[in-house]
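For reference, the structure discussed in these notes is given below.
The basis for the numbers below is simple: all heavy atoms, side chains too, and nothing from hydrogens, waters or symmetry mates. First listed ligand is number 1; within each ligand, the first listed atom is number 1. As the structure is a prediction and not an experimental result, all values here were calculated from the model.
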Amino acid sequence: MSTSIHTFSITPLTQFSNRNSQIRRPQQEITHFSYDDHRRLHHDQSSLKSYYPPPLGSDLSSGFESFRKHDSSIDEHLDGLLEAIVELERRSGKKVSADVITWRGMMTKLMTLPYDIRDGFEMNAIKFQDSIFIEENHSYQLNSQSVPYPRQDLMTYWGYKFEEISTLPGNPSDFSRETIESRDYNTVNNEQQFCSIVKTGFGGVRLIIGGEVDAVWDQNPPPDPLNKPPVYVELKTSKTPRRPHEHVNFERKMLRFWAQSFLLGIAKIVVGFRDNEGILEGLEEIETTSIPGIARRSGRQLWDGKVSIDFTTTILEWIKETIGRAPEGTLWRLAHAPGSNTVDLSILPQNSFLSSTFLEWRII
Ligand code: A3P
Ligand code: MG
Ligand code: MG
């Protein structure tokens with residue numbers, strides 16, 4: 001049970017259209033980490049792969065039977081992100097500080113909300129030592145998944161298979177024809193991940209966001225990622241749009257692609273276009289910064305990147321202000337009910353979701 005006490009209205013969107021929020025750009029990587037294929041965390045770039053185009057005609061279903069899928073029923077809270085922050089503070093001797101610290105996925109939900117209110121979400125938030133930590137309410141996420149349709153698992157696999165046949169470990173200049181061609185036979189495993197942690201900001205709200213990066217475009221490992229931003233790549237699959245409504249759907253989807261990559265400063269998105277059976281038909285390389293202009297020039301007025309940024313600034317300021325007025329350690333629920341026009345903040349019974357490693361490090 002929770003008491004609803006504060007409400008933020010999503011519409012009308014005109015309330016966000018004359019703000020001109022300042023974004024701290026470029027997003028600056030402060031640290032990174034890797035999960036290996038057994039989900040062990042390493043404070044390095046060992047799981048970062050390089051992009052190398054896959055062959056057209058590839059069957060994205062191949063190897064589905066041997067997919068090694070990460071168990072998404074496990075609640076990982078903010079553990080990896082907090083562990084990386086502890087390691088960074090240990091090394092630098094300086095405290096990492098920001099107004100909001102969260103996974104990129106939470107921020108993508110906020111950035112896309114003005115144009116898609118259908119799906120609900122629940123997040124937990126707590127203020128600790130001057131920063132607001134926000135995590136997904138994992139049980140809500142598990143329970144709100146729609147009833148699976150027959151091909152759903154296969155279609156999810158297509159996304160991971162595309163990543164597997166589009167990347168290679170190591171430096172592109174060292175790839176042999178043999179390793180390039182062997183990619184189609186690799187077991188697909190989504191335990192392995194590279195995560196970049198960046199410092200950024202929306203208006204007056206300073207943020208630290210962690211999120212997965214699919215690949216790097218050029219040199220791997222990037223020689224000096226903290227000072228010279230690597231050209232990172234986000235990989236996506238999508239059905240080749242042919243009919244008018246499919247073009248509309250794709251343009252809507254681009255908002256999510258853009259927001260997700262924009263937040264971490266990922267410079268390029270490679271879309272693998274597939275048919276209904278999962279055969280790869282085409283590839284398109286898109287510069288992340290060009291996407292809002294594509295949506296603007298199409299004339300369909302489906303979404304506006306500036307409104308999305310100004311909306312995010314406004315809701316973050318509201319979160320910072322509301323949570324900031326209550327005593328530290330208060331546990332909050334940030335919720336959007338499916339189809340509703342609001343985001344609600346309410347207080348939950350006391351309980352922290354911050355990892356013991358992090359709390360022990362910070363309290364001593
Ligand atoms: P596609 O996005 O190409 O379909 P990401 O693109 O974020 O790197 O995620 C990689 C893949 O994970 C996705 O590929 C998709 O297959 C799967 N995935 C990510 N988020 C998902 C979600 N909310 N529901 C189902 N599958 C998801
Ligand atoms: Mg990914
Ligand atoms: Mg991807």
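Distances shorter than 4.0 angstrom do not occur between any heavy atom of Gln145 and any atom of ligand 1. Using 4.0 Å as the threshold, Tyr160 has a heavy atom nearer than that to some atom of ligand 1.
Just one residue in the list Asp79, Leu81, Val86 forms a side chain to side chain contact (heavy atoms under 4.5 Å, CB included) with Phe358, and that residue is Val86. With respect to Glu89, the salt bridge (Lys or Arg N to Asp or Glu O under 4.0 Å) criterion is satisfied by exactly one of Lys94, Arg362, Lys95: Arg362.
Under a 4.0 Å criterion applied to the non-hydrogen atoms of Lys236, ligand 1 contributes the atoms 2 (O), 3 (O), 5 (P), 6 (O), 7 (O). Taking every non-hydrogen atom of Gln260 and a distance limit under 4.0 Å, the qualifying atoms of ligand 1 come out as 7 (O). Atom numbering of ligand 1 starts at 1 in the shown order; those under 4.0 Å from a heavy atom of Leu235 are 6 (O). Less than 4.0 angstrom separates some heavy atom of Asp214 from each of these atoms of ligand 1: 8 (O). If you number the atoms of ligand 1 from 1 as listed, the ones under 4.0 Å from a heavy atom of Glu234 come out as 5 (P), 6 (O), 8 (O).
Within a 6.0 Å radius of CZ in Arg177, other residues, nucleotides and ligands contribute 12 heavy atoms or fewer. Within 6.0 Å of the CD atom in Gln350, the count of heavy atoms belonging to other residues, nucleotides or ligands exceeds 12.
Residue Asp214 counts as close to the Mg ion (ligand 3), with an N, O or S atom under 2.8 Å. The Mg ion (ligand 3) does not have Gly159 among its coordinating residues (no N/O/S atom, backbone or side chain, under 2.8 Å).
Asp36 and His42 form a side-chain donor-acceptor contact under 3.5 Å, judged by distance and modelled atom types alone. In this structure, a donor-acceptor pair under 3.5 Å is absent between the side chains of Ser34 and Gln45. If you check the side chains of Gln192 and Asp37, you find no donor sitting under 3.5 Å from an acceptor. No side-chain N or O of Asp344 forms a donor-acceptor pair with one of Ser346 less than 3.5 Å apart. Using a 3.5 Å distance cut-off with no hydrogens or angles, the side chains of Asn171 and Asp174 do not pair a donor with an acceptor.
Looking only at distances, a side-chain donor or acceptor of Ser50 sits under 3.5 Å from a matching main-chain atom of Gly170.
Taking the N/O/S atoms of Glu212 in turn, the shortest distance to the Mg ion (ligand 2) belongs to OE1. For Glu234, the N/O/S atom at the shortest distance from the Mg ion (ligand 3) is named OE2.
Remark: among candidates Asp119, Asn190, Val271, Thr156, the nearest residue to atom 26 (N) of ligand 1 is Thr156, based on non-hydrogen atoms.
Within a 4.0 Å radius of atom 17 (C) of ligand 1, the protein contributes one or more non-hydrogen atoms. Remark: atom 24 (N) of ligand 1 lies closer than 4.0 Å to no protein heavy atom. At a distance under 4.0 Å, a protein heavy atom can be found next to atom 7 (O) of ligand 1. Of the protein's heavy atoms, at least one falls inside 4.0 Å of atom 10 (C) of ligand 1.
In terms of protein heavy-atom proximity, atom 13 (C) of ligand 1 is nearest to Gly159 CA, 4.2 Å.
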Do Glu29 and Tyr232 pass the side chain to side chain donor-acceptor pair (under 3.5 Å) test, and can you show the C-alpha distance, the side-chain angles, and the key distance before you say yes or no? CA-CA 11 Å; Glu29 184 166 298; Tyr232 286 138; 2.7 Å; yes

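Considering both main-chain and side-chain atoms, Thr237 comes within under 3.5 Å of ligand 1 through a nitrogen or oxygen pair.
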